[in-house]
Student: 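Can you keep this structure in mind? I'll have questions shortly.
Residue numbering restarts at 1 for every chain, and letters A, B, ... go by the order of the sequence lines.
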Amino acid sequence: MLDIRYVRENAEKVRRDLVEKLFFDPAPLDAILQLDAERRRLQVERDTLNARRNALSKEMSDPTKREALKIEAAALKEKIPALEKAVAEIEAQQTEIALQLPNLPHESVPIGRDETENRVLREEGRKREFDFVPKPHWDLASALAIIDFDRGVKIAGSRFYVLCGAGARLQRALINWMVDLHVQEHGYAEVYPPYMVKRECLIGTAQLPKFGDNLYRDAEEDFWWIPTAEVPVTNLYRDEVLDAARLPINHVAYTACFRREKMAAGRDTRGIKRGHQFDKVEMVKFVHPDTSMAELERLLADAEDVLKRLELRYRLVQMCTGDLSFSAMVKYDLEVWAPGADEWLEVSSCSNFGDFQARRAAIRFKDKGSKDKPRLVHTLNGSGLALPRTLIAVLENYQQADGSVVVPAVLRPYLGGLEVIRRA
RNA sequence: GGAGGAGUGGCCGAGCGGUUUAAGGCGGCGGUCUUGAAAACCGCUUUCCCGAAAGGGGACGGGGGUUCGAAUCCCUCCUCCUCCGCCA
């Protein structure tokens with residue numbers, strides 16, 4: 001959510017950013033400004049009446065004066081509830097619209113309409129040369145019997161699969177290795193959060209109200225299945241004032257993630273690139289506002305380190321303004337090369353949200369004992385990494401002519417020393 | 001799921017319809033005293049909204065109600081504790 005005071009005082013800049021950078025309809029902006037003015041007017045009116053009521057109440061604590069004041073008090077009692085209702089309604093309207101406005105891009109973000117105008121900043125890692133035609137992972141994995149696509153579909157439907165034997169074990173090794181790496185070498189504290197959360201959490205991280213289409217929920221209890229660990233982990237400190245000395249707080253979490261993929265219906269139906277359920281290791285940072293851009297670089301470096309140690313070829317892409325996600329101020333993607341499917345796969349997305357999520361979720365900080373008002377933290381998150389696509393990259397890059405797959409050196413200790421995955 | 005009990009400021013804890021601007025204590029911060037520290041004493045110490053400020057208003061788990069007036073009474077939901085049931 002944007003700071004209403006900032007919006008009020010910089011209405012023209014906000015409008016320009018929405019229109020010229022995000023290609024977003026500015027109509028809600030006008031609605032908000034109008035509601036905001038009306039809200040403040042009504043609020044002053046209500047507060048004035050309340051002040052009078054409080055004064056009367058105080059006088060009426062003296063029984064001898066009570067009768068004389070009763071008439072005015074009763075009159076106030078008539079007026080106040082209507083005003084209170086009006087303020088509450090207008091506040092609700094204002095919030096509803098405010099929740100629909102995207103974050104404004106950081107000044108450093110290149111302007112562009114859509115993903116075709118994103119910038120590839122650099123490519124890293126050696127491209128593996130093949131003396132045979134590399135297979136896509138669905139062929140490789142089926143032949144090795146490490147992914148069972150048919151039975152996945154049988155038990156859960158399309159976009160589901162079953163990892164089997166060395167396939168399941170390889171994913172588990174990747175998870176454990178990645179979490180250990182972030183904990184032991186990058187300074188993140190591990191958390192294992194709930195996979196189902198309350199509606200407020202989704203509002204806090206801004207999946208709701210706009211993107212409910214992509215979420216699974218249990219209607220009876222109003223539980224929502226997390227589409228990413230970002231949701232429960234960011235909301236860990238919802239409605240809290242953190243001690244400034246604790247910042248930055250860095251968490252890493254391994255969770256399953258659940259997405260309807262309605263918007264992407266029909267896309268990427270082959271293989272394990274896009275499923276309704278997938279695993280991900282996610283890093284989340286809560287930082288002092290002055291440091292968030294520097295922290296984004298560190299987050300990115302921590303995600304990149306995973307790809308470097310796996311010795312995979314990847315590239316760094318900066319999102320242009322038009323391809324920024326709803327809540328991001330800046331966003332980078334890491335894309336890994338998949339030689340079998342012959343494409344770059346997005347395995348990580350690292351974003352700085354500024355105070356956009358922190359305002360929605362009321363995550364603040366303050367120096368201990370200080371009289372200053374609490375300030376909003378900045379939140380960031382990045383995948384480190386998404387499992388299915390990392391698995392694809394490992395399988396396709398480490399395949400051999402005979403259809404076996406070499407286990408990357410860093411993962412061998414997590415697979416009991418296994419060096420090659422062959423048909424069992 | 002059933003029965004009973006409880007939710008007050010960073011923590012403990014009073015408060016049971018009108019000087020509560022939420023007592024008191026602990027912790028924290030600042031000061032006095034001291035060579036320094038401790039002790040003692042004094043002061044400060046939740047948060048949100050409107051406002052340039054002065055000031056005003058709101059919040060005692062959430063929501064609703066009764067009343068001129070609610071931390072205090074009523075309804076409802078949530079959470080925690082105890083016992084029973086069930087279960088990995």
Student: Between atom CZ in A:Arg364 and atom P in B:G10, what is the gap in whole Å?
Tutor: 11 Å

Student: Identify, with sequence neighbours excluded, every residue that meets ring-ring contact (aromatic ring centres under 6.0 Å, His included) alongside A:His378.
Tutor: none

Student: Paired with B:A54 by Watson-Crick or G-U wobble geometry, both distances under 3.5 Å: which nucleotide is it?
Tutor: none

Student: In whole Å, what is the span from the CG atom of A:Leu76 to the C1' atom of B:G57?
Tutor: 14 Å

Student: Is there a side-chain contact between A:Leu104 and A:Leu18 (heavy atoms, below 4.5 Å)?
Tutor: yes

Student: Would the number of heavy atoms belonging to other residues, nucleotides or ligands and lying under 6.0 Å from CD of A:Glu297 be above 12?
Tutor: yes

Student: Using a cut-off of 6.0 Å, state whether more than 12 heavy atoms not belonging to A:Glu107 lie near its atom CD.
Tutor: no

Student: Whom does B:C73 pair with, Watson-Crick or G-U wobble, provided both distances fall under 3.5 Å?
Tutor: B:G65

Student: Check for me whether A:Arg113 meets the cation-pi criterion with A:Phe23, that is, NZ or CZ under 6.0 Å from the six-membered ring centre and within 45 degrees of the ring axis.
Tutor: yes

Student: Answer whether the closest heavy-atom distance between the side chains of A:Val347 and A:Tyr314 falls below 4.5 Å.
Tutor: no

Student: Could you state the CD-P distance from A:Glu221 to B:C77, rounded to the nearest angstrom?
Tutor: 14 Å

Student: Work out how far the C1' atom of B:G5 is from that of B:G55, and round it to whole angstrom.
Tutor: 44 Å

Student: Should the pair A:Phe211 and A:Phe326 be assigned to parallel (<30°), tilted (30 to 60°) or perpendicular (>60°) ring geometry?
Tutor: perpendicular

Student: Could you tell me how far apart A:Ile80 (CD1) and B:G65 (C1') are, to the nearest whole angstrom?
Tutor: 17 Å

Student: For B:G9 and B:G65, measure between their C1' atoms and round to the nearest Å.
Tutor: 27 Å

Student: Roughly how far apart are A:Cys257 SG and A:Asp279 CG, rounded to 0.5 Å?
Tutor: 7.0 Å

Student: Roughly how many Å apart are B:G64 and B:C81, using the C1' atom of each and rounding to a whole number?
Tutor: 27 Å

Student: Could you measure between the two C1' atoms, the one in B:U66 and the one in B:C29, and give it in whole Å?
Tutor: 44 Å

Student: So which protein nitrogen or oxygen atoms get under 3.5 Å of nucleotides 49-55 of chain B's nitrogens or oxygens?
Tutor:
{"residue": "B:C49", "atom": "O3'", "partner": "A:Arg39", "partner atom": "NH2", "Å": "3.3"}
{"residue": "B:C49", "atom": "O2'", "partner": "A:Gln43", "partner atom": "OE1", "Å": "3.1"}
{"residue": "B:C49", "atom": "O2'", "partner": "A:Gln43", "partner atom": "NE2", "Å": "2.1"}
{"residue": "B:C50", "atom": "OP1", "partner": "A:Arg39", "partner atom": "NH2", "Å": "3.0"}
{"residue": "B:C50", "atom": "OP2", "partner": "A:Arg5", "partner atom": "NH2", "Å": "2.8"}
{"residue": "B:G51", "atom": "OP1", "partner": "A:Arg40", "partner atom": "NH1", "Å": "2.9"}

Student: Round to a whole Å and report the spacing from CZ of A:Arg53 to C1' of B:G56.
Tutor: 13 Å

Student: May I ask which nucleotide in the shown strands pairs with B:A22, Watson-Crick or G-U wobble, both distances under 3.5 Å?
Tutor: none

Student: If you check every side-chain atom of A:Asn54, which of B:G69, B:C48, B:G57 has the closest atom?
Tutor: B:G57

Student: Using the C1' atom in both, what is the distance from B:G30 to B:U21, to the nearest Å?
Tutor: 23 Å

Student: So which one's nearest nucleotide on RNA chain B is more toward 5', A:Met60 or A:Ala55?
Tutor: A:Ala55

Student: Could you tell me how far B:G27 sits from B:C12 if I compare only their P atoms? Round to whole Å.
Tutor: 15 Å

Student: Once you apply the 3.5 Å cut-off to both distances, tell me the Watson-Crick or G-U wobble partner of B:G17, or none.
Tutor: none

Student: Give the rounded distance in Å between these two atoms: CG of A:Leu56 and P of B:A70.
Tutor: 13 Å

Student: Which value, in whole Å, describes the distance between the C1' atoms of nucleotides B:G43 and B:C48?
Tutor: 26 Å

Student: Rounded to the nearest Å, what distance is computed from the CZ atom of residue A:Phe365 to the P atom of nucleotide B:U47?
Tutor: 14 Å

Student: Are A:Asn103 and A:Leu2 close enough that some pair of their side-chain heavy atoms sits under 4.5 Å apart?
Tutor: yes

Student: What is the distance, to the nearest angstrom, from the CG atom on A:Asp222 to the P atom on B:C78?
Tutor: 13 Å

Student: Assuming nearest nucleotide by heavy-atom distance, tell me which of A:Ser57 and A:Glu84 is located more 5' along RNA chain B.
Tutor: A:Glu84

Student: Once you apply the 3.5 Å cut-off to both distances, tell me the Watson-Crick or G-U wobble partner of B:C80, or none.
Tutor: B:G5

Student: Give me the distance, rounded to whole Å, that separates B:C60 from B:U20 when you measure between the C1' atoms they each carry.
Tutor: 11 Å

Student: May I ask you to evaluate whether A:Lys366 reaches the phosphate of B:U47, defined as a side-chain N or O under 4.0 Å from OP1 or OP2?
Tutor: yes

Student: For a quick check of understanding: with a heavy-atom distance under 4.0 Å over all strands, which category does A:Arg41 fall into, base, sugar-phosphate or nothing?
Tutor: nothing

Student: Who does B:A40 pair with, Watson-Crick or G-U, both distances under 3.5 Å?
Tutor: B:U32

